[in-house]
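Some notes on the structure that comes next.
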Amino acid sequence: MCDHYHPLSTDTPESVPGAYTRRRFLGGSLALLSTAATAPAFLGRTGSALADTTMRLSSTPGGVDHRVLVVIQLSGGNDGLNTVVPFGDDNYHRARPHLNVTEGEAIKLVGVDGIGLHPTLSPIGELIDTGQAAILQGVGYPNPNRSHFKSMDIWQQGTIDPAGADRGKGWIGKAMDGAIKPTDPDAGVAVVALAGQSQLATVGRSIQPVSFDTPRTFRWAGHDLDDSVSAAYGELSDAPQSLRRLDDPASFVRRTAMDAQAASSRLRKASEAKTNTRFPATGLGRQLRSVAGMIKSELPTRVYYVGMGGFDTHAGQGNRHTNLLREFAQAVKAFQTEMTNTGHADRVVTVAFSEFGRRLRENASAGTDHGAAGPVFVFGNAVKPGLHGAHPSLTKLDQGDLIHHTDFRGVYTDLLENWMRMDASAAVAGRFKTPGVIRRGV
């Protein structure tokens with residue numbers, strides 16, 4: 001037998017005969033989000049914290065200066081060497097006789113010798129030229145782990161000891177715990193994840209993400225659960241206003257029912273809002289289009305989390321990696337263009353990372369194997385554009401891998417403290433040197 005409470009259990013409290021109690025309603029509310037693992041925490045705050053039935057998703061966004069952080073997770077281990085290309089280094093061409101990007105193919109960067117971008121990243125080159133994109137080179141952590149799962153846990157939890165005291169808590173969630181009270185009316189939508197599941201990075205002690213795959217899956221599903229649930233919901237939401245007393249348990253349940261439906265409807269509509277920019281019809285393009293709609297609707301959300309996979313290119317990397325980088329670049333360019341066109345570019349910063357890079361040498365399958373250090377992208381009007389830090393050495397290696405010189409926890413610190421105006425110490429368990437990618441005074 002399962003060990004969680006079932007909304008239709010015969011153990012439902014009977015203290016109010018025939019009534020749909022607060023406990024039973026909140027149990028049944030697991031049906032609110034058809035793909036959201038965080039529904040219970042979200043609903044638990046709804047009735048006690050929200051001031052109206054629109055979940056306060058008004059034209060006034062939340063946060064310090066209404067600032068927003070968008071995180072793009074590139075899963076699988078993006079090949080940083082064919083992303084930010086050291087085409088001027090003969091060691092690169094010798095190590096990759098079949099996979100190398102030539103000087104003639106690479107996108108050149110103004111004022112940078114011997115290093116360029118993969119040819120499909122021309123949209124990102126344009127963003128660098130307009131002062132809206134930065135690339136941090138050589139990002140990683142000490143004693144790198146080459147397991148996808150363990151390395152992603154490290155990046156998502158913001159600690160190189162993912163089995164420690166904060167196990168199961170992510171860097172964004174921990175930062176939000178310190179910045180937002182769980183009773184804040186906007187706490188329920190402080191973090192939204194569109195990557196298809198609740199990403200570990202967004203999970204805190206009290207702050208939990210709203211998570212869904214596509215806008216259509218984020219909806220009130222009580223009517224689909226059971227006829228009795230549907231009927232009870234109808235009774236609650238149709239009750240006269242005069243019966244909705246604050247000291248009445250049934251009134252609390254009615255209020256929670258309406259809040260839950262209003263919240264799912266408003267977020268769904270916001271994510272489907274019409275954009276001024278044409279987004280590519282790709283997975284990441286659709287996710288960023290939804291984020292753009294929610295930002296345009298000025299929701300009080302502080303962090304949006306999206307992602308794309310497929311970067312584990314052990315074999316036949318050439319065309320596959322080319323297509324992945326094209327999808328990434330086109331989606332990000334459309335998103336940044338939309339932020340500019342809608343007047344939100346000054347309040348949004350986007351960061352893109354992968355759990356590790358690839359090894360210097362190509363393998364016998366025309367691919368590359370798990371490596372260590374790699375590049376991190378940061379986009380927005382608030383960034384210092386261009387390349388940051390030196391390209392990792394191709395001769396001084398660690399077991400065939402590039403050696404990092406910028407700790408990813410310093411990147412998180414830069415984003416949290418200098419952009420989001422949050423204390424980063426709890427998120428990354430200490431103090432780390434920042435790369436200075438966020439401009440002073442923004």
Side-chain angles (χ1 to χ4, degrees), residues 36 38 41-42 45-46 49-51 54-73 156 158 169-195 198-212 218 263 266-267 270-271 273 287-288 290-307 335 339 342-353 378-383 411-428 438 442:
T38 57
F42 169 63
R45 288 188 291 266
T46 303
L50 302 183
T54 60
M55 204 176 146
R56 279 191 53 193
L57 303 186
S58 64
S59 60
T60 304
V64 179
D65 299 329
H66 307 162
R67 296 184 179 200
V68 173
L69 177 66
V70 179
V71 181
I72 303 174
Q73 176 177 307
Q156 290 206 9
K169 306 296 184 295
W171 69 279
I172 294 170
K174 288 183 286 186
M176 287 291 177
D177 283 337
I180 300 176
K181 295 180 180 179
T183 54
D184 188 299
D186 297 332
V189 288
V191 183
V192 172
L194 284 82
S198 176
Q199 295 294 337
L200 172 60
T202 63
V203 176
R205 291 182 301 277
S206 58
I207 298 300
Q208 301 290 317
V210 173
S211 179
F212 58 99
F218 184 72
R266 184 64 187 274
L267 277 174
S271 67
Q287 290 178 58
L288 288 178
S290 293
V291 172
M294 287 185 276
I295 291 174
K296 182 179 179 181
S297 299
E298 296 189 328
L299 302 186
T301 301
R302 303 293 312 278
V303 178
Y304 294 94
Y305 203 102
V306 303
F335 179 75
M339 292 300 95
T342 56
H344 294 284
D346 286 339
R347 72 182 191 94
V348 179
V349 163
T350 301
V351 60
F353 78 98
V378 188
F379 306 96
N381 288 355
V383 307
V411 178
Y412 289 172
T413 299
D414 209 353
L415 295 170
L416 290 173
E417 296 194 343
N418 298 325
W419 174 244
M420 297 297 283
R421 298 291 190 261
M422 295 179 179
D423 181 13
S425 59
V428 298
I438 302 298
V442 296

Closest approach of [X] and [Y], non-hydrogen atoms and distance?
X	Y	value
Lys296	Thr342	CD-CG2, 4.2 Å
Asn418	Arg67	O-NH1, 3.7 Å
Phe335	Val291	CE1-CG1, 3.8 Å
Met176	Ala190	CE-O, 4.2 Å
Val383	Gly380	CG2-O, 3.2 Å
Val189	Thr301	O-OG1, 2.8 Å

How long is the gap from [atom1] on [X] to [atom2] on [Y], to the nearest 0.5 Å?
X	Y	atom1	atom2	value
Arg302	Ile172	CZ	CD1	11.5 Å
Arg205	Lys169	CZ	NZ	8.0 Å
Leu416	Leu69	CG	CG	7.5 Å
Thr413	Trp171	OG1	CH2	9.5 Å
Ile438	Asp414	CD1	CG	5.5 Å
Thr350	Leu288	OG1	CG	7.0 Å

Does the side chain of [X] reach to within under 4.5 Å of the side chain of [Y], using non-hydrogen atoms?
X	Y	result
Val203	Pro209	yes
Met422	Glu417	no
Gln73	Val306	no

Item to check | The single option from Val349, Val68, Val348 passing side chain to side chain contact (heavy atoms under 4.5 Å, CB included) against Trp419 | outcome: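 When side chain to side chain contact (heavy atoms under 4.5 Å, CB included) is applied between Trp419 and each of Val349, Val68, Val348, only Val349 qualifies.
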Item to check | Residue list, side-chain hydrogen bond (donor to acceptor under 3.5 Å, both in side chains) with Asp177, at least two apart or on another chain | outcome: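 Once residues adjacent in sequence are excluded, the partners of Asp177 under the side-chain hydrogen bond (donor to acceptor under 3.5 Å, both in side chains) criterion are Ser206.
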Checklist outcome for this item: Sequence neighbours excluded, the answer for side-chain hydrogen bond (donor to acceptor under 3.5 Å, both in side chains) partners of Tyr304 is none
Next on the checklist: Check whether Arg347 reaches the backbone of His66 with its side chain - one donor and one acceptor, N or O, closer than 3.5 Å.
Outcome noted: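 Checking the backbone N and O of His66 against the side chain of Arg347, a donor-acceptor pair under 3.5 Å is found.
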Next on the checklist: I'd like to know whether Val191 forms a side chain to side chain contact (heavy atoms under 4.5 Å, CB included) with Val210, so could you lay out the CA-CA distance, the side-chain angles of the two residues, the decisive distance to 0.1 Å, and finally the verdict.
Outcome noted: CA-CA 6 Å; Val191 183; Val210 173; over 6 Å; no
Checklist entry - How are the rings of Tyr305 and Phe353 set relative to one another: parallel (under 30°), tilted (30 to 60°) or perpendicular (over 60°)? => result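 Correct class here is perpendicular.
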